[in-house]
Amino acid sequence: MRGQQKAAKSRVFYQLYIVNIVITVVFICMIAAVCSIFSTSLILKHMTEFNESMLEEKRQSLDERVRQLDETVYLILGDRNVFNLIMTREAYNGRPMALLNIIRHFQNVCSSSSLIMGVELIDLQRGISVTEKAKTTIQADRLNVEFSSKSLFLIREQEGERHLELVQRLEPIQGEKTVYMILTVDLDAFTDNILMGNEAGMVRSCLMVEDGGIIIGGDSRQPDVDEQLMGQEAGVEHFESQGHLFMLYKKQSESSNLTIGTVQDYTYLTRESSKVRQKIILVSLLVIAAASVIIYGFSLYFYRPLNRLGSKLAIMTVRDEPHMAKNEYMLIEDVVKELQTDKEYGLPSVVRDSVRKLVTEVFDQERFGHLKRLLRQNMDFAWYVLMIVEFDDEADRFQAQSAWQRLVGDERQIDGIIAGLTQTRLVGIFNTDLGYEEFLGLAEQQKRELEECEGILCTCCVSQEFQNPENMSLIYSSMLRTLEKTFFKGKNTLIYETAPTADYKEEYYKKETEKQLNQLVREGKEEEAVEALHSLTRELCAKETDIQYTRFLYFQICSKLIENVMELGGRLPGEYHERAVFQKIFQARDLMELEQISEKILITCVEKSGKKEQSYSPNVERAIAFIMSNYGRDLSLDDVAGNVFLSAGYLSIIFKEETGYTVLEYITYIRMQKAKELILQVPALKVKDIAERLGYNNVQSFIRYFKKYYGETPVAFRKKTDNKN
């Protein structure tokens with residue numbers, strides 16, 4: 001009989017061993033499958049992302065060089081003789097001396113720019129072509145073929161050589177006169193460090209014009225690849241040719257009709273990945289075989305003490321257990337139950353776990369009765385009270401727990417169960433005949449004695465008195481929300497539940513407090529403005545409004561103050577950017593810190609509101625006015641520069657010096673201000689509609705810029721605002 005029992009118990013070992021082997025086999029097979037399936041795709045993904053980022057950098061370099069050429073065109077047109085020539089049809093301005101000056105000017109431009117090999121100015125009315133070398137008569141057939149669009153790059157064959165030309169079409173007298181400016185570009189200088197490539201020949205690049213003609217970088221060995229690349233839309237495509245796998249990348253220039261194309265041969269990568277896949281499968285089989293042996297040895301090693309423990313526990317009688325234990329684990333479980341029921345050294349963990357379940361799960365009357373008997377607490381008074389005590393230091397919890405237990409022992413009208421729920425949180429279930437105010441007085445006195453005698457700082461949260469202990473879990477959940485009032489009361493205080501206060505609408509503060517603060521700031525009354533802010537803080541503290549709504553309210557007030565100061569011409573430090581203010585306010589830990597942040601912003605606004613900065617120059621003023629009137633359409637630097645009759649490069653310099661923003665940054669700043677207003681004031685507008693109103697053709701671009709400014713998407717920003725209201 002005894003041998004049969006021992007044999008029955010040993011089956012547990014074999015069951016565990018088989019389960020472990022099955023889990024190991026499944027786990028290793030899954031790893032092998034995942035590695036074999038996704039290894040190549042992951043490498044290709046990262047390789048593609050890297051190449052796309054590199055191609056984007058090359059595209060930006062290309063656009064920068066195109067902008068340099070455009071600025072050179074504006075520089076040429078700024079010459080007095082050139083200007084007179086293109087702006088009039090009189091013969092006086094076509095005299096030999098004037099043309100000679102123009103030719104010399106062209107020679108200076110060519111010698112001062114490494115990108116330009118030649119300059120040509122064509123006047124259709126006069127039928128002349130002026131270059132850096134001479135004046136000639138134009139060829140009519142050239143005009144019809146090459147000058148059909150406004151500004152573009154063209155490839156021209158001349159004496160067996162290919163030349164790249166930038167053509168600018170100008171209409172100084174609209175409908176009556178047309179002039180063409182042609183720059184012959186040095187291909188080596190223009191394409192230097194723009195094309196991608198490596199020594200192994202796996203990656204090569206080419207430069208193409210809009211109709212697909214390759215300017216430089218074509219490969220005569222792979223004409224079908226070049227043909228596929230020329231016909232490809234912008235983006236990434238896979239292409240197979242002559243047993244080779246190619247990745248084709250194409251990126252369109254934003255400021256010209258040029259396109260950068262890149263071809264990458266990843267045949268070698270695919271071949272090597274297949275070899276790695278075979279090795280992974282082989283190694284996995286070997287690992288499974290080795291793991292089976294190792295798991296068997298370890299299972300046997302760990303099972304032996306368990307088997308010996310089971311043999312010893314088998315002779316122990318377990319009270320009120322009519323069934324026989326089937327294996328070692330059931331024996332251990334039965335003995336632990338016995339220890340938890342009768343043994344004094346098992347008491348602390350039993351109390352802690354029981355209290356946790358009583359206050360965080362569904363109330364169990366049997367568990368509560370067992371806990372009362374275990375701690376010898378009658379709990380037959382009229383009222384129950386829950387209390388949560390939180391500490392800054394884990395070591396303080398043990399001393400405080402002993403102090404509260406002494407209070408329960410000393411007071412005849414209080415029974416209680418106290419347990420440490422977490423390392424820094426103590427929970428007490430008290431039963432008493434004392435009145436609620438009297439109990440609060442004892443709690444306050446006990447807290448004060450801990451601070452004075454023991455130096456223990458803690459926050460006490462006391463629930464309302466209740467009669468039905470089955471409501472403990474609901475009351476505990478309510479107390480956790482009450483603990484949030486430390487935001488208004490501060491740490492190390494006594495907090496208790498009060499009757500709910502009336503909700504306050506955002507409109508009340510916006511119409512009254514914001515209006516008052518903005519008026520005081522404009523009048524420069526710093527002390528009165530600070531006092532008004534303190535008055536708002538005291539009112540919010542007394543009413544204990546929603547914490548997130550309180551933060552949002554201060555953010556609205558500070559944002560409006562900053563906006564008004566900017567409108568008055570004042571300049572605030574960079575740290576008062578709207579996104580930075582938003583982050584500071586919503587990271588405030590309590591109401592006092594929130595008030596200090598707002599007060600600092602308020603004082604700075606008062607100081608800056610009366611100090612209007614020097615006005616901008618007329619050119620910058622016109623640029624700002626144009627942006628304010630046209631931010632709702634797709635704007636570029638060239639659009640703004642053309643409106644104020646300046647070159648894009650010159651406008652960028654003076655705009656940055658005077659405003660601190662680049663032109664594009666300022667356009668984005670204005671759009672983000674308007675976006676916030678639309679989100680807050682017109683809830684019915686969709687994000688797509690807002691993006692279109694602000695000139696964004698791509699809604700994802702608008703969302704990306706908005707998140708960069710305000711730290712979250714427009715939908716999340718609107719949802720948070722709605723929750724505050």
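Model, not experiment: these values are computed from the prediction.
In this structure, Asn257 contributes its side chain and Phe153 its backbone to a donor-acceptor pair below 3.5 Å.
The closest side-chain heavy-atom distance from Phe106 to Arg104 is not below 4.5 Å. In this structure, Lys58 and Leu195 have side chains that are not in contact, with every pair of non-hydrogen atoms separated by 4.5 Å or more. Side-chain contact between Ile690 and Leu685 is present, with heavy atoms from C-beta onward closer than 4.5 Å. With a 4.5 Å cut-off on side-chain heavy atoms, Met672 and Lys708 do not count as touching. Counting only heavy atoms from C-beta outward, the side chains of Thr259 and Lys250 approach each other to under 4.5 Å.
For Ala623, the side-chain contact (heavy atoms from CB on, under 4.5 Å) partners at least two apart in sequence or on another chain are Val640, Val644, Leu651, Phe655.
For the residue pair Arg169 and Tyr180, a side-chain donor N or O sits within less than 3.5 Å of a side-chain acceptor on the partner. Looking only at atom types and distance, the side chain of Gln60 has no donor-acceptor partner in the side chain of Glu64 under 3.5 Å away.
For CZ of Arg59, the number of neighbouring non-hydrogen atoms (other residues, nucleotides, ligands) closer than 6.0 Å is greater than 12.
When every heavy atom of Val687 is checked against every heavy atom of Ile703, the shortest pair comes out as CG1-CG1, 4.1 Å.
One finds the NE2 atom of His105 at 10.0 Å from the SG atom of Cys110 (value rounded to the nearest 0.5 Å).
Using the six-membered ring where Trp is involved, Phe706 and Phe717 have ring planes that are perpendicular, over 60° apart on the 30 and 60° scheme.
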Quick one: do Thr48 and Asn51 satisfy side chain to side chain donor-acceptor pair (under 3.5 Å)? Show the steps, please. CA-CA 5 Å; Thr48 303; Asn51 287 336; 6.0 Å; no
